[in-house]
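These notes are about the structure you will find just below.
Chain letters run A, B, ... following the sequence lines, proteins first and then strands; every chain starts at 1.
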Protein chains: 2
Amino acid sequence: MLNQSTALDLTFQALADPARRAMLERLAQGPAAVSELAQPLTMSLPAVLQHLTVLENAGLVTSAKAGRVRTCQIAGPALTLAEGWLNARRAEWEARFDRLEEYLNDIKDGESHG
Amino acid sequence: MLNQSTALDLTFQALADPARRAMLERLAQGPAAVSELAQPLTMSLPAVLQHLTVLENAGLVTSAKAGRVRTCQIAGPALTLAEGWLNARRAEWEARFDRLEEYLNDIKDGESHG
DNA sequence: CCTATAGTTAATCATATGCTTAACCAATCA
DNA sequence: TGATTGGTTAAGCATATGATTAACTATAGG
């Protein structure tokens with residue numbers, strides 16, 4: 001098992017490319033073959049395969065081959081790791097913002113009270 | 001203004017590095033000087049500056065210099081773009097999952113009924 | 001069996017990333 | 001005013017990334 005930092009590295013890195021996000025957007029609608037993922041992308045099939053590898057290494061996508069067609073699926077829980085990190089940062093930031101707001105109110109009260 | 005795809009590229013790319021995430025985690029607690037951000041990181045100050053540039057270009061952090069100290073802040077709305085993209089994917093995926101479940105229930109009913 | 005389809009591997013290449021050191025600038029402060 | 005502190009710029013370098021083409025494998029269909 002990878003440590004959390006490396007998992008986040010791989011996840012965010014995987015999400016940082018528009019072709020890979022397009023593949024995930026397609027897969028969020030349901031499973032698809034490699035050639036189906038490749039179809040809207042303006043690049044060679046080997047390039048698509050490399051992107052697929054990145055997505056699989058990040059644990060965002062799984063795939064299995066039946067006959068000569070490889071079917072890809074989005075991996076449910078994987079996105080939640082990234083989502084969780086972002087949520088945590090926003091929660092911290094908002095908490096700090098709230099405290100700041102409270103502090104500013106205190107100052108204002110202090111001024112009006114003398 | 002940048003188009004949305006490029007903004008997501010920059011955002012996820014910025015989040016893909018552990019040093020930059022550490023900087024954001026620190027900044028989520030409140031503003032900090034460059035040297036304060038650098039302190040826990042095992043790299044040179046110029047390297048930290050480069051990471052800071054990446055975060056600023058992604059719109060995740062703002063900074064201003066007063067005297068000789070540059071104070072950095074997390075930029076509120078920036079993380080929500082990335083969060084929004086992830087949420088949308090999860091929503092789609094879950095909707096599909098629900099439809100699949102429904103479909104499987106239909107099949108099961110069909111079997112038991114005839 | 002032959003051919004077309006779907007995917008895969010390998011080699012190569014240009015550019016991007018992440019880091020370093022050295023040199024430098026501008027506020028403080030003794 | 002001279003040293004220190006905090007930051008900045010520039011140059012260089014190793015590795016990673018994203019793409020290509022060419023060559024190859026394996027299944028499906030006529």
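- Atom C1' of nucleotide dT20(C) and atom CE of Met43(B) are separated by 12 Å, given to the nearest angstrom.
- If you measure from atom CG of Asp9(B) to atom P of dA16(C), you get 13 Å, rounded to the nearest angstrom.
- Counting distance only, with no hydrogens placed and no angle test, the side-chain atoms of Arg68(B) and the base atoms of dA27(C) include a donor-acceptor pair under 3.5 Å.
- One end of the helix from dC1(C)-dG30(D) to dA30(C)-dT1(D) points its axis 10° away from the other end's axis, with each axis taken from 5 pairs and the angle rounded to 10°.
- Between Arg90(A) and Leu86(A) there is no side-chain heavy-atom pair separated by less than 4.5 Å.
- Grouping the Ile, Leu, Val, Met, Phe, Trp and Tyr side chains by contacts below 4.5 angstrom, directly or via other members, places Leu79(A) with Leu55(A).
- The Arg70(A) side chain lies nearest to dT8(C) when the options are dT20(C), dT8(C), dA6(C).
- Residue Leu60(A) is grouped with residue Leu41(A) when hydrophobic side chains (ILVMFWY) are merged at heavy-atom distances under 4.5 angstrom, including chains of intermediate members.
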Assess whether side chain to side chain contact (heavy atoms under 4.5 Å, CB included) is satisfied between Leu37(A) and His51(A), documenting all intermediate values.
-> CA-CA 10 Å; Leu37(A) 293 178; His51(A) 284 302; over 6 Å; no

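- Hydrophobic clustering of Ile, Leu, Val, Met, Phe, Trp and Tyr side chains at less than 4.5 Å, counting indirect connections, unites Leu15(B) with Trp85(B).
- Put simply, Leu8(A) and Leu81(B) are part of the same group of oily side chains (I, L, V, M, F, W, Y) that touch within less than 4.5 Å, one to the next.
- Ion pairing between Arg96(A) and Glu92(A) fails under the 4.0 Å rule for side-chain N and carboxylate O.
- Bounding nucleotides for the chain A contact on DNA chain D, 5' to 3', at a heavy-atom distance below 4.0 Å, are dG18(D) to dA28(D).
- The residue Ala33(B) sits close only to the backbone: its heavy atoms come under 4.0 Å of sugar-phosphate atoms, none of a base.
- For the pair Ser44(B) and dT20(C), the criterion of a side-chain N or O lying under 4.0 Å from OP1 or OP2 is met.
- Rounded to a whole Å, the CG atom of Asn57(B) is 14 Å from the P atom of dA16(C).
- Between Ala66(A) and Gln13(A), the residue anchored closer to the 5' end of DNA chain D is Gln13(A), taking for each the nucleotide with the nearest heavy atom.
- Taking for each of Leu45(B) and Leu49(A) the nucleotide of DNA chain C with the nearest heavy atom, the 5'-most of the two is the partner of Leu49(A).
- Out of dC19(C), dA6(C), dA22(C), the shortest distance to the side chain of Pro46(B) is found at dA22(C).
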So Gln73(A) and Trp93(B), side-chain hydrogen bond (donor to acceptor under 3.5 Å, both in side chains) or not? Walk me through it.
-> CA-CA 10 Å; Gln73(A) 283 198 85; Trp93(B) 183 80; over 6 Å; no

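- Tracing side-chain contacts under 4.5 Å through hydrophobic residues (I, L, V, M, F, W, Y), one reaches Leu49(A) starting from Val61(A); they form part of the same cluster.
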